[in-house]
**Q** 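This is the structure I want to talk about, given as structure tokens.
Chain letters run A, B, ... following the sequence lines, proteins first, then strands; residues in each count from 1.
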Number of protein chains: 2
Amino acid sequence: MNVLIIGGGGFIGSRLATEWLRQHPESKGKITLVDQAFLDIIKNNPGFECIAGDFSDPSLIDPLLEKKPELIFHLAAVVSGEAEKNFDLGMRVNLYGSQHLLEKCRQLAYCPKVVFASSCGIFGGDVNQVLTEETAPKPKSSYGTQKAMVDLLMNDFSRRGFVDARCLRLPTITVRPGKPNAATSSFLSSIIREPLNGKATSYPVAPSSPFWILSPKQVVRNFIHAAKLSAKDIGDDRTINLPGITVSVQEMIDSLEKVTHKGITDHISYEPDAFLQSIVLTWPPNFDTKKADALGFTADKNTTEIITNYIQEEHIQVPEK
Amino acid sequence: MNVLIIGGGGFIGSRLATEWLRQHPESKGKITLVDQAFLDIIKNNPGFECIAGDFSDPSLIDPLLEKKPELIFHLAAVVSGEAEKNFDLGMRVNLYGSQHLLEKCRQLAYCPKVVFASSCGIFGGDVNQVLTEETAPKPKSSYGTQKAMVDLLMNDFSRRGFVDARCLRLPTITVRPGKPNAATSSFLSSIIREPLNGKATSYPVAPSSPFWILSPKQVVRNFIHAAKLSAKDIGDDRTINLPGITVSVQEMIDSLEKVTHKGITDHISYEPDAFLQSIVLTWPPNFDTKKADALGFTADKNTTEIITNYIQEEHIQVPEK
């Protein structure tokens with residue numbers, strides 16, 4: 001089976017590619033990754049063909065669809081903070097790029113399976129409500145708007161049999177390794193990662209602010225799980241709010257101390273940021289994920305598990321007391 | 001004030017233009033209408049400038065925006081049945097045309113007010129639920145999908161201050177004069193209009209099927225009302241489910257008899273149509289319109305009033321017994 005992973009060079013995309021290949025060794029050489037850039041470890045893996053460029057450029061994506069991928073993971077996006085600050089870029093990649101991808105898929109002689117990385121950032125407004133797939137998206141960001149629009153289009157293209165889509169609305173993914181990025185939720189990784197790097201860091205919201213989070217490990221598992229489900233299992237509505245856990249910034253900091261030691265969080269400070277607050281505090285943190293649960297999607301047990309896994313997977317040397 | 005009415009040659013658009021001019025005689029010569037075609041009575045009205053063509057063609061719409069309309073009514077659409085049968089046409093006009101319009105509005109040096117004709121056809125699924133603006137759109141048609149996507153974009157463009165939009169989600173508008181059209185709800189006008197023309201007609205769903213309807217008179221009133229509301233009154237969410245009344249096909253037929261005489265409905269028959277049923281029976285007919293009510297939008301009292309108004313406004317000679 002030919003697999004195309006758009007955004008396959010990114011943090012989640014490259015893990016997904018690696019895990020897919022591990023589980024499907026017969027896919028070796030049949031996995032195409034598209035992204036702006038790739039880590040050497042991905043580029044040098046003979047299991048992958050890596051195409052560098054902008055997926056929203058038809059001259060790049062069109063020939064890749066002519067290779068007839070039966071399964072397409074679409075994870076490419078301009079992240080929330082960047083899409084808010086650079087409106088044209090966000091529209092071009094997140095909306096128009098996805099629309100073009102779907103139009104091209106429709107022209108294929110078969111119906112490809114598409115697993116789309118949507119976002120819980122499509123929701124916004126009353127943070128006290130408990131969200132399900134029946135809750136209206138009221139995004140308070142252009143990123144959320146663009147994702148919500150593509151969700152609708154994925155549903156219609158599936159209804160018409162042009163593609164067989166499943167749209168996973170991702171919680172905030174933490175802990176991300178590497179450097180802070182332009183996602184407005186970037187601090188939810190930094191508050192764990194930077195102290196473990198022995199560096200100072202900050203968070204822009206009150207420590208009691210709750211968030212809906214999921215680990216990289218679980219999100220990769222859920223992407224692969226989504227690809228294996230049948231259309232019939234999912235039903236007409238292809239949107240799925242992924243399971244997660246609701247935790248406050250303070251709980252994450254406390255868990256980091258619990259997993260390591262008390263002094264480690266000494267250089268985490270609260271630095272209010274009105275721009276970040278105006279977006280991340282509109283994300284409702286409480287979900288009823290019975291649809292996802294019934295379909296076999298999974299979340300982490302707690303933040304302790306998330307942090308312990310991060311330390312193990314990334315081979316982190318915890319700074320001494 | 002310069003006013004642009006996109007879809008201003010259509011059934012609702014031309015009534016809206018005429019009523020707007022009646023209420024605002026100072027607008028004479030400052031009202032531009034765009035549509036594929038116009039009735040002579042509109043074309044010959046010196047109050048209007050009529051531009052014939054496809055609004056989704058940039059070479060037509062772009063120069064019209066350079067005329068700096070402060071108020072834009074956007075009613076142009078490929079109707080539901082046509083958008084379902086001709087997917088490319090529906091996408092081009094309903095989605096891409098609206099996206100282009102918004103992009104061009106954004107480039108204006110001021111923030112135009114946009115009143116958008118959205119549709120209750122964005123909803124679909126559980127017909128027993130009572131719908132509000134908090135209900136997730138789950139359209140079962142491409143038309144509904146395209147309208148729901150534009151609603152989201154109108155909200156984001158308003159949030160960013162590019163336009164000052166208000167999206168009115170229209171019930172099925174009945175009674176429409178003239179001929180049956182390609183809207184999947186066309187029969188809801190035909191069952192009143194055709195018997196009054198002395199002609200036979202049919203409906204494609206069980207007579208007990210309930211629908212959410214509004215008269216042409218009320219929808220024009222509501223469009224004008226929407227243009228007068230302030231952004232502050234409406235709030236962040238610019239979508240408004242218009243008030244309407246819930247009636248069954250049988251109740252409409254009974255009302256026609258009540259307003260005229262019993263024999264008039266003798267040539268109305270039930271002719272099941274799977275295609276039409278697959279769309280119109282997914283439209284939930286029960287709404288809680290407290291948001292619209294509080295903002296001063298209005299509905300008809302009952303079907304008797306709707307039919308009586310239609311007979312008067314259209315100068316119908318009721319066929320004799």
**Q** Which pairs, with at least one residue in residues 225-234 of chain A and sequence neighbours excluded, count as a side-chain hydrogen bond (donor to acceptor under 3.5 Å, both in side chains)?
**A** A/Q23-A/K228, A/S230-A/D233
**Q** Using non-hydrogen atoms only, which part of B/F123 is less than 4.5 Å away from chain A: side chain, backbone, both, or neither?
**A** neither
**Q** Under the ring pair (Phe, Tyr, Trp, His ring centres under 6.0 Å) rule, collect the residues that match up with A/H100, sequence neighbours excluded.
**A** none
**Q** With the side chain counted from C-beta on, respond yes when A/F287 and A/L242 share a heavy-atom pair under 4.5 Å apart, and no when they do not.
**A** no
**Q** Before you tell me yes or no, could you show the steps for B/V127 and B/L281 under side-chain contact (heavy atoms from CB on, under 4.5 Å), namely the whole-Å CA-CA distance, both residues' side-chain angles and the distance that decides it to 0.1 Å?
**A** CA-CA 8 Å; B/V127 291; B/L281 293 181; over 6 Å; no
**Q** Taking side chain as everything from C-beta outward and backbone as N, CA, C, O, which of these in A/E103 sits under 4.5 Å from a heavy atom of chain B? Side chain, backbone, both or neither.
**A** side chain
**Q** Below 30° counts as parallel, above 60° as perpendicular, anything between as tilted: where do the rings of B/F116 and B/H74 land?
**A** tilted
**Q** Determine the sole option in B/L168, B/N241, B/L214 for which the side-chain contact (heavy atoms from CB on, under 4.5 Å) test with B/F297 is passed.
**A** B/L168
**Q** Which residues, numbered in order, of residues 82-93 of chain B come under 4.5 angstrom of chain A by heavy-atom distance?
**A** B/A83, B/E84, B/F87, B/D88, B/M91
**Q** Might you work through the side chain to side chain donor-acceptor pair (under 3.5 Å) test for B/N155 and B/R238, ending with a clear yes or no?
**A** CA-CA 6 Å; B/N155 261 352; B/R238 304 310 183 89; 5.4 Å; no
**Q** Looking only at non-hydrogen atoms, find the nearest pair between A/G124 and A/Q129 and report the distance.
**A** O-NE2, 4.3 Å
**Q** Angle class for the B/W283/B/F211 ring planes (parallel below 30°, perpendicular above 60°, tilted otherwise)?
**A** perpendicular
**Q** For a 4.5 angstrom cut-off between non-hydrogen side-chain atoms, does A/D237 reach A/E133?
**A** yes
**Q** Give the C-alpha distance, both sets of side-chain angles, the deciding distance and a yes or no for side-chain contact (heavy atoms from CB on, under 4.5 Å) between B/D293 and B/T298.
**A** CA-CA 7 Å; B/D293 299 342; B/T298 49; over 6 Å; no
**Q** Please list, in residue-number order, every residue in residues 134-151 of chain B that has a heavy atom less than 4.5 Å from any heavy atom of chain A; write 'none' if there are none.
**A** B/E134, B/T135, B/A136, B/P137, B/K138, B/P139, B/K140, B/S141, B/S142, B/T145, B/A148, B/M149
**Q** Non-hydrogen atoms of chain B under 4.5 Å away: do they reach the side chain of A/T132, the backbone, both or neither?
**A** neither
**Q** Which atoms of A/L95 are under 4.5 Å from chain B, going by heavy atoms: the side chain, the backbone, both sets, or neither?
**A** side chain
